[in-house]
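Proteins come first, then strands; the chains are lettered A, B, ... in the order of their sequence lines, and each starts at number 1.
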Number of protein chains: 2
Amino acid sequence: MKKAVPKRARTKQKRLSPDDRRREFVARATEFFSEEGFDGGTRDLARRLGVTQPLLYRYFPSKDDLIKEVYRTVYLEPFDAGWEELLTDRSRPLRERLQEFYQAYTDVIFSRRWLRIYFYAGLKGLDINRWYIGVVEDKILARIIGECRYEAGLPEQGKPTASELEMAWVLQSGIFYYGVRKYIFESPVLDDKKQVIDDALDVFLAGFKQVFAAADYPQRVPVKAVG
Amino acid sequence: MKKAVPKRARTKQKRLSPDDRRREFVARATEFFSEEGFDGGTRDLARRLGVTQPLLYRYFPSKDDLIKEVYRTVYLEPFDAGWEELLTDRSRPLRERLQEFYQAYTDVIFSRRWLRIYFYAGLKGLDINRWYIGVVEDKILARIIGECRYEAGLPEQGKPTASELEMAWVLQSGIFYYGVRKYIFESPVLDDKKQVIDDALDVFLAGFKQVFAAADYPQRVPVKAVG
DNA sequence: GATGTTGTTTATCGCCTGATCACCAACTAT
DNA sequence: ATAGTTGGTGATCAGGCGATAAACAACATC
């Protein structure tokens with residue numbers, strides 16, 4: 001019906017390089033999918049981007065490919081290589097290191113965008129979540145356990161036991177879920193992240209020390225676990 | 001094309017009462033939606049039930065109404081009135097009560113079905129999750145705090161402070177997320193729920209006691225919090 | 001055994017979805 | 001100016017969706 005009439009009037013917007021434009025699409029698609037879930041329509045997405053729907057297919061072969069790129073940016077973005085060093089820097093008190101780490105880490109992942117994408121992906125059963133959990137165990141929790149052992153004067157046998165890891169997970173999840181309650185469920189929470197983290201660390205460090213002082217070490221379950 | 005030919009051969013299945021049949025539909029729909037998410041199609045659902053799709057609309061006015069019933073069964077199912085009494089029964093050691101409670105509670109909610117529905121609903125932003133979180137705070141966490149205070153010889157002023165609640169949340173979430181890792185992400189975990197709970201409780205109780213012994217009570221933030 | 005009621009199916013409607021194609025518009029190089 | 005390449009659009013397709021209507025099957029009652 002309508003003829004293709006030049007849509008002059010928004011040519012003000014200067015052209016970006018192809019790569020930049022693509023990146024912009026991915027970034028805004030991330031925002032979009034974090035709200036609508038991955039079942040959000042390509043038409044709605046295109047409208048949000050201010051373009052028409054078929055154009056998406058010039059930049060991404062399929063919706064699924066676009067989604068994969070969204071995952072990549074979300075999951076790779078957060079990890080700061082400096083964190084491992086921070087956690088293991090024994091010239092500083094452990095509590096201080098943990099405080100600083102969890103402040104920084106939660107600054108990155110405590111956002112509606114990140115947390116929602118994380119759970120949407122998780123519910124889809126994608127490997128990427130399992131991979132991420134593995135990274136958290138290796139790069140964060142294992143180090144924390146190592147430092148706690150050191151602090152408690154215990155032998156630093158190579159890898160942490162499975163039950164030690166689970167204890168570190170309780171700390172990690174306890175803090176993590178504060179963000180979930182706040183940004184996903186939008187439930188009322190104590191609006192002082194720092195205090196929540198500090199209290200969690202106080203409880204954990206005091207409790208961990210005491211539990212491990214009494215621990216019957218050699219008998220603990222070795223690290224291999226089952227799904 | 002095809003004429004309505006009698007589909008004899010499975011009339012063995014005796015007729016249930018309308019209410020029972022309805023309940024059966026809801027139960028199996030719960031299972032279905034927990035796997036596929038609430039965007040799962042009514043045709044697939046009907047196939048799973050062994051009936052045709054329009055039949056669903058004889059039992060439920062719309063897909064949304066069916067989903068609402070799914071929520072209701074999932075969210076109301078778990079709460080056992082006895083738990084409040086269990087938690088506050090001071091004739092037994094606190095640690096023992098907490099152990100028993102968390103064993104029982106996680107027996108109910110640690111299932112792929114329950115956890116997935118919980119997060120699908122949460123991501124949709126439904127009030128029901130906020131309501132559930134409120135119930136957990138009132139019926140569980142507030143009691144736990146009260147008992148911990150008692151145990152520590154502290155005054156049992158009516159309601160817990162917001163920061164005390166957050167500490168209890170760290171324990172609750174720490175245990176909860178063990179189930180999330182296992183049943184949603186299907187990540188390898190220590191396959192001994194009892195030990196995970198026991199360790200979490202040991203760390204919490206020891207840590208809590210110590211933190212509260214040193215607490216500057218009157219200065220703590222009062223209970224009202226912000227979203 | 002005819003009658004009314006309830007359970008179930010076939011066929012279909014209108015809408016929305018991801019994807020494709022042919023075409024136009026804009027910038028670049030010659 | 002002209003040809004070529006890239007950015008973007010309108011129209012459209014096949015398939016899936018939730019929902020509805022009309023007909024048929026099975027049972028209960030008299």
Between [options], which one does the side chain of [X] approach most closely?
X	options	result
B:P54	C:dT8, C:dG18, D:dT20	D:dT20
B:T52	C:dT10, D:dG18, D:dT9	C:dT10
B:K63	C:dG7, D:dG18, D:dG8	D:dG18

Review point. Can you check whether B:L45 reaches B:F33 side chain to side chain, under 4.5 Å on heavy atoms?
Key: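 Result yes, sub-4.5 Å side-chain heavy-atom pair found.
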
Point to revise | Student check: side-chain heavy atoms of B:Y118 and B:Y75 closer than 4.5 Å | key: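 B:Y118 vs B:Y75: side chains touch.
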
Check your understanding: For the side chain of A:R43 and the base of C:dG18, is some donor closer than 3.5 Å to an acceptor across the two?
Key ->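 Per atom types, the contact qualifies.
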
For [X] and [N], what is the distance between atoms [atom1] and [atom2] respectively, to the nearest whole Å?
X	N	atom1	atom2	answer
B:L66	D:dA19	CG	C1'	14 Å
B:L55	D:dT20	CG	C1'	14 Å
B:Y57	D:dA22	OH	C1'	18 Å
A:L56	D:dG7	CG	P	14 Å
A:R21	C:dA26	CZ	P	15 Å
A:D19	D:dT6	CG	P	13 Å
A:D20	D:dG7	CG	P	12 Å
A:E24	D:dG7	CD	P	14 Å

Scan side-chain atoms only and decide if [X] and [Y] contain a donor-acceptor pair under the 3.5 Å cut-off.
X	Y	value
B:E77	B:W114	no
A:E164	A:T161	yes
B:Y102	B:Q172	yes

According to a strict under-4.0 Å criterion, is [X] in side-chain N/O contact with OP1 or OP2 of [N]?
X	N	answer
A:Y59	D:dG8	yes
B:R58	C:dT9	no
A:T42	C:dG18	yes

Review point. What is the bend of the helix from C:dG1-D:dC30 to C:dT30-D:dA1 when you compare the axis at one end with the axis at the other, using five pairs each and rounding to 10°?
Key: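 Comparing the axis at each end, I get an angle of 0°.
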
Review point. With ring centroids as reference points, do A:F79 and A:Y132 lie under 6.0 angstrom apart?
Key: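 Distance test on ring centres: under 6.0 Å, yes.
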
Practice item. May I ask you to decide whether A:D191 forms a salt bridge with A:K182, counting only side-chain N to carboxylate O separations under 4.0 Å? Key: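 Salt bridge between A:D191 and A:K182, a charged N being under 4.0 Å from a carboxylate O: yes.
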
Exercise for review: By nearest nucleotide on DNA chain D, pick out whichever of A:Q53 and B:F38 is the more 5' one.
Suggested key: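 The residue mapped nearer the 5' terminus is A:Q53.
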
